[in-house]
Amino acid sequence: MKYNTEIKEKRVNAWIDQSILQIIARNVGTPVFIYSEERLLQNVQRMKDAAADAGIDKRTAFYVPFFPNSNPHLLKSFQRLGIGILLQLPAEYEILSRVGFDDFIVSTGHISDDDIKFWAGTGHPIFLSSLDEINYLLENCGQAAVNVRFDSLSSGKPGLKYSELAALSTMLKSRGRKLDCFELYCGSGNSVDSMIGVIEQLFMIFKTYFPDATSLNFAGGFGFDYEEKDEPRKHFDWDQYFAGLAEIAERYNIPRHIKFLFEPARDILADVGVLLLRVERKMITHPGARRVLTNGSRVLMPSAQYKERHHNVLFLDANMAEIRSNRVGASLRGRSILRHDYILPGEYLVPECIGPRDHVLILDVGAYCATQHMEFLNIPPAAEVLVDQEGAAFLVTSHGDKFDKWRYLLPDRNALTDS
Ligand SMILES: Cc1ncc(COP(=O)(O)O)c(C=O)c1O
């Protein structure tokens, strides 16, 4: 199915139109995550253009983490765009290698010796998070490059703390080894100003402790504004950030051969996805409370709940046209028994006339949503559809089976013996 100019007039947001929603609802059903390849390309281009404008494009490399959106069909175009992938589990490496990806960095939490050996064997840079793990690599993995992850927040996240930098420097010197690259992750959703602040910290660490490093990794954390309605303004200001980076690099005399790595997820992926749900009943009204029953559930995207994230939401009729009638405050319920089963936290302004055959379209769910589906409450995962650059829609993940939760259940008990 292709867009045409007549259809484009009926867009319900910048990249999705009525007719594609109709086709998807008819062929796939709901709940369904829908992704736009076109939007993904635009987001990458925005970032790359900003790097070029700041004159640092030749020394930048981007590695988008796989865990916030783990659909290889969506990420496929990264291969031709020269965008790498950040991995954290061996299974991710295997599944992506099978479909032709080969540009990886690895940034894990704390991992076992066996996992360190596994990753060292792949030859991809692996960012380790403790002195003990680095020690194991030095002693057991030949000349494998040494890359380290710092936790600037002292937040308990995996990563070396500032107070361990001197010890790491001494450990490397005593073995005649150098640090290849280090990564500083400062938590998610940061403003341009605070991300620019981090640049100086990174350069200070480089100059003070690891002047032989060949690249510096600024990790992720580039803010995306979920509540903003204007699409470009939702995004991190890469122009300002890269201009700041170029200026600070000059000021700190950072040699030109030093590469800059980035691991953005949210900014690249969030507005690439929407979640389409069906409304199951007319508005449920109790004294002091109104609820809209959807066929979604908080388990489809739990991060919205625990991050208390407000998403922009559209209410669509059976023909996928936006319902513009009188609105009242109501909460958006999921289909399970759980008291807190709201697909999004808080109240939304909902058309009072909403009812069966209508739909809820949740925007900006391309990152940390489908991949976070939990099995709690026995609700199967949602399907995923990719709309490609030409406007053709493809089913890329089928709906979870209604018996998914029990897929490993054995028909009979297997007795365990000590033989
Ligand atoms: C090491 C690392 N890099 C990158 C990211 C992506 O961050 P964001 O989605 O804020 O860009 C994360 C997110 O948790 C991370 O842990």
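Count residues from 1 along the sequence. Numbering of ligands and ligand atoms starts at 1, following listing order. The analysis underlying the following values was restricted to heavy atoms, covering all of them including side chains, and did not include hydrogens, waters or symmetry mates.
The list of ring pair (Phe, Tyr, Trp, His ring centres under 6.0 Å) pairs with a residue in residues 366-385, not counting sequence neighbours, is empty. Pairs engaging residues 54-91 under the ring pair (Phe, Tyr, Trp, His ring centres under 6.0 Å) rule: Phe62-Phe262 [sequence neighbours left out].
Considering all non-hydrogen atoms of both residues, Met320 and Ala25 come closest at CE-CB, 3.5 Å.
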N/O contact list for ligand 1, threshold under 3.5 Å:
residue: ligand 1; atom: 3 (N); partner: Glu263; partner atom: OE1; Å: 2.5
residue: ligand 1; atom: 7 (O); partner: Gly221; partner atom: N; Å: 3.4
residue: ligand 1; atom: 9 (O); partner: Arg266; partner atom: N; Å: 3.0
residue: ligand 1; atom: 9 (O); partner: Tyr368; partner atom: OH; Å: 2.6
residue: ligand 1; atom: 10 (O); partner: Gly221; partner atom: N; Å: 3.0
residue: ligand 1; atom: 11 (O); partner: Gly221; partner atom: N; Å: 3.1
residue: ligand 1; atom: 11 (O); partner: Ala265; partner atom: N; Å: 3.0
residue: ligand 1; atom: 14 (O); partner: Tyr185; partner atom: OH; Å: 3.3

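In summary, Arg251 and Glu200 engage in a salt bridge, as defined by a charged side-chain N under 4.0 Å from a carboxylate O.
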Can you give me every donor-acceptor pair (side chain of residues 217-225, partner residue at least two apart or in another chain, under 3.5 Å) with its distance?
residue: Asn217; atom: OD1; partner: Ala219; partner atom: N; Å: 2.8
residue: Asn217; atom: ND2; partner: Glu263; partner atom: OE2; Å: 2.7
residue: Asp225; atom: OD1; partner: Glu227; partner atom: N; Å: 3.0
residue: Asp225; atom: OD1; partner: Glu228; partner atom: N; Å: 3.3

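Taking the ring centre of Tyr342 as origin, the terminal cationic atom of Arg333 falls inside the region bounded by 6.0 Å and 45° from the ring axis.
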